[in-house]
**Q** 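Right, I'll just put the structure down here and ask away after.
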Amino acid sequence: MKAGELLALIGANGSGKSTVLKLMVGLSRPSTGTVQRTARVVSYVPDVFASHDRLSASSYLRHLGRIRGLSTQAARARATELLDLLALSGGADTPMRKLSKGNAQKVALAQALLTPPRLLVLDEPWSGLDATAHATLRELLTETAEQGAAVAFTEHAAEVVRSTATRVCELERGVLTTWTQQLSLTEISLVPGTHIDWSRHPDVLEVRRHDAGLTLTLPTGSHDAALLTALNHGWSVTTVRQVTAE
């Protein structure tokens, strides 16, 4: 990765995206080969953030800020700034064990941005966030990259990938492919039959609901299984079309 790059890592559930991120930050070691990492300051947001703690969100962030070399005053100011930007519900003095998943995710994001990283790695960072925080996170990641950091993240939503990433890589069957020009996607519009939780389908990147039914977005070439699932559950397919993500 290069400084200033925003890399989106996509792939089906279980393809190994989280493992790749852990290799990038040094939490896992490769069974073969090596990982070259020159960044001295690395920040990481895991897919599951342990928030069952007696500390308040502000106390937790001040403590981490001190560990990372900030003064108490600077750590407090930075923690307050980030939590205000992300609109932490209930306030910064809320015990972390009482936070919802979305608010715990906001604290996880704040801890990663307390000090300027040179490599920022995030595993599904938009998961559980409200719409306002979605936009704020996109701005924070873009700002971090503009300050010279390399940023890598995993994400299922095609719209987030399109609006945030400067490069997209897909992980499939252990092979990492870089989309050097455009990411080819397929949109399938469906009229519902029996219940299917499409958000759990391994190939679906995005689900958009509308009056006539819903539209699924999938990587082109990976949509046959979704079509078969829909037909087997009595769903009607109205349109199938290819689109591109810039």
Side-chain angles (χ1 to χ4, degrees), residues 9 13-14 16-29 37 39-145 147 149-157 160 164 197 199-200:
L9 181 60
N13 291 337
K17 301 187 298 296
S18 295
T19 300
V20 170
L21 296 189
K22 289 178 181 178
L23 289 169
M24 292 176 68
V25 299
L27 291 176
S28 295
R29 294 182 179 181
R37 184 176 51 256
R40 294 186 177 183
V41 181
V42 179
S43 290
Y44 175 59
V45 177
D47 57 338
V48 178
F49 179 64
S51 61
H52 300 290
D53 201 298
R54 294 181 179 181
L55 288 174
S56 67
S58 59
S59 296
Y60 171 76
L61 293 174
R62 286 200 305 270
H63 177 65
L64 286 186
R66 292 283 291 154
I67 290 175
R68 296 176 190 178
L70 297 177
S71 67
T72 300
Q73 183 177 0
R76 181 185 295 111
R78 181 59 174 162
T80 299
E81 176 188 9
L82 289 167
L83 294 180
D84 285 347
L85 281 172
L86 293 165
L88 182 73
S89 180
D93 293 328
T94 302
M96 290 177 59
R97 66 179 182 272
K98 293 185 178 181
L99 295 175
S100 65
K101 178 183 177 181
N103 283 300
Q105 183 71 354
K106 293 176 182 180
V107 178
L109 295 168
Q111 63 81 26
L113 296 168
L114 282 171
T115 55
R118 306 312 297 168
L119 172 63
L120 175 60
V121 176
L122 313 96
D123 200 346
E124 298 193 14
W126 280 272
S127 177
L129 294 182
D130 52 77
T132 301
H134 266 239
T136 300
L137 175 56
R138 184 179 300 113
E139 293 171 2
L140 286 170
L141 297 190
T142 301
E143 179 183 303
T144 301
Q147 292 172 351
V151 180
F153 62 89
T154 60
E155 177 55 39
H156 288 288
V160 172
T164 308
D197 185 356
S199 64
R200 293 183 173 274

**Q** Quick check: does any side chain N or O of Arg40 sit under 3.5 Å from a backbone N or O of Arg118, one acting as donor and the other as acceptor?
**A** no

**Q** For the atom pair CG (Leu99) and CZ (Arg97), what is the distance rounded to the nearest 0.5 Å?
**A** 10.5 Å

**Q** On a heavy-atom basis, which atom in Pro117 and which in Ala112 lie closest, and how many Å separate them?
**A** CG-O, 4.3 Å

**Q** Identify the two heavy atoms, one from Gln105 and one from Ser127, that lie closest to each other, and give their separation to 0.1 Å.
**A** CG-O, 3.7 Å

**Q** How far does CG of Asn103 sit from CG of Asp130, to the nearest 0.5 angstrom?
**A** 7.5 Å

**Q** Between Ser59 and Leu55, what is the shortest heavy-atom contact and its length?
**A** CB-CD2, 4.1 Å

**Q** Restricting to side chain to side chain donor-acceptor pair (under 3.5 Å), what partner residues turn up for Arg78, sequence neighbours left out?
**A** Glu81

**Q** Within the 4.5 Å heavy-atom criterion, are Leu23 and Ser28 side-chain neighbours or not?
**A** yes

**Q** Are any non-hydrogen side-chain atoms of Leu122 and Leu141 less than 4.5 angstrom apart?
**A** yes

**Q** I'd like to know if the side chain of Lys17 reaches the main chain of Thr154, judged simply by a donor and an acceptor atom lying under 3.5 Å from each other, with no hydrogens or angles considered.
**A** no

**Q** Is the backbone of Thr144 close enough, under 3.5 Å, to the side chain of Gln147 for a donor and an acceptor to pair up by distance?
**A** no

**Q** Which word best sums up how the rings of Trp126 and His134 line up, parallel for under 30°, tilted for 30 to 60°, or perpendicular for over 60°?
**A** tilted

**Q** Identify the two heavy atoms, one from Phe49 and one from Pro46, that lie closest to each other, and give their separation to 0.1 Å.
**A** CA-CG, 4.4 Å

**Q** Can a donor-acceptor pair be found, under 3.5 Å and without considering hydrogens, that links the side chain of Lys106 to the backbone of Ala87?
**A** yes

**Q** Can you sort out the partners of Asp93 under salt bridge (Lys or Arg N to Asp or Glu O under 4.0 Å), two or more places apart, ordered by chain and number?
**A** none

**Q** Indicate the atoms forming the closest heavy-atom contact of Gly65 with Ala75, along with that distance.
**A** CA-CB, 4.0 Å

**Q** Quick check: do Pro125 and Leu109 have side-chain heavy atoms less than 4.5 Å from each other?
**A** yes

**Q** About how many Å separate NZ of Lys22 and CG of Asp47, when rounded to the nearest 0.5 Å?
**A** 6.5 Å

**Q** Where is the tightest heavy-atom contact between Ala57 and Val107, given as atom of each residue plus distance?
**A** CB-CG2, 3.9 Å

**Q** How long is the straight-line distance from OG of Ser89 back to NZ of Lys98, given to the nearest 0.5 Å?
**A** 13.5 Å

**Q** Return yes if some donor-acceptor pair links the side-chain N/O of Asp123 with the main-chain N/O of Ser18 below 3.5 Å, else return no.
**A** no

**Q** Can you tell me how far the CG atom of Leu64 sits from the CZ atom of Arg66, to the nearest 0.5 Å?
**A** 12.5 Å

**Q** Using side chain to side chain contact (heavy atoms under 4.5 Å, CB included) as the criterion, point out the one residue from Leu85, Leu82, Val45 that pairs with Leu113.
**A** Leu82

**Q** Hey, does Leu61 have a side-chain heavy atom less than 4.5 Å from the side chain of Leu83?
**A** yes

